[in-house]
Amino acid sequence: VEKNTILGKTHEFFQMCDIENKGFINRRDMQRLNSWLPLSAEELENVFDTLDSDGNGFLTLEEFSSGFSAFLFGRRIS
Amino acid sequence: DPNMKAGAANEGVLANFFNSLLSKKTGSP
């Protein structure tokens, strides 16, 4: 049940970022969050770079979920 | 080690980001 909750939250947060429903998050999507999250543009850039583990400029659900797991469990899960 | 420091800072920013998302979610009706 807990696993499903985490999966659900991951999807929910991913969609909150990917408002155009592209299936990935780009830097522009991340910068847009600046209007409603208490994070600076620089911090959001940092979040994007940290989550974009392969550095291709696109954040997939997999990368996003890996970052969320790292946050939840306090370590990076590959 | 500067790399370790940068890593720790990133973890902090990440935690901040997800905490904000969580609070936005629970804060909205």
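First the proteins, then the strands, lettered A, B, ... as listed; each starts at 1.
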To the nearest 0.5 Å, how far apart are CG in B:Leu22 and NZ in A:Lys9?
7.0 Å
Which atoms form the tightest heavy-atom contact between B:Leu14 and A:Gly67, and what is the distance?
CD2-O, 4.0 Å
Identify which one of B:Leu21, B:Asn16, B:Asn19 satisfies the side-chain contact (heavy atoms from CB on, under 4.5 Å) criterion when paired with A:Leu37.
B:Leu21
Could you list the residues that satisfy salt bridge (charged side-chain N to carboxylate O under 4.0 Å, His left out) with A:Asp18, not counting sequence neighbours?
A:Lys22
Whether the side chain of B:Lys24 engages the backbone of A:Trp36 through a donor-acceptor N/O pair (distance < 3.5 Å, no angle test) should be reported.
yes
Do A:Ile25 and A:Met16 belong together in a cluster built from hydrophobic side chains that touch within less than 4.5 Å?
yes
Does the side chain of B:Phe17 reach to within under 4.5 Å of the side chain of A:Leu44, using non-hydrogen atoms?
yes
Could you tell me which non-hydrogen atom of B:Val13 sits nearest to which non-hydrogen atom of A:Glu43, and how far apart they are?
CG1-O, 3.4 Å
Verify the cluster assignment for A:Leu61 and A:Leu51: are they in a single hydrophobic cluster under the rule of side-chain heavy atoms below 4.5 Å apart?
yes
Does A:Glu20, at its CD atom, have more than 12 non-hydrogen atoms belonging to other residues, nucleotides or ligands within less than 6.0 Å?
yes
With sequence neighbours left out, write down each residue that passes ring pair (Phe, Tyr, Trp, His ring centres under 6.0 Å) with B:Phe18, or none if nothing qualifies.
A:Phe64, A:Phe68, A:Phe71
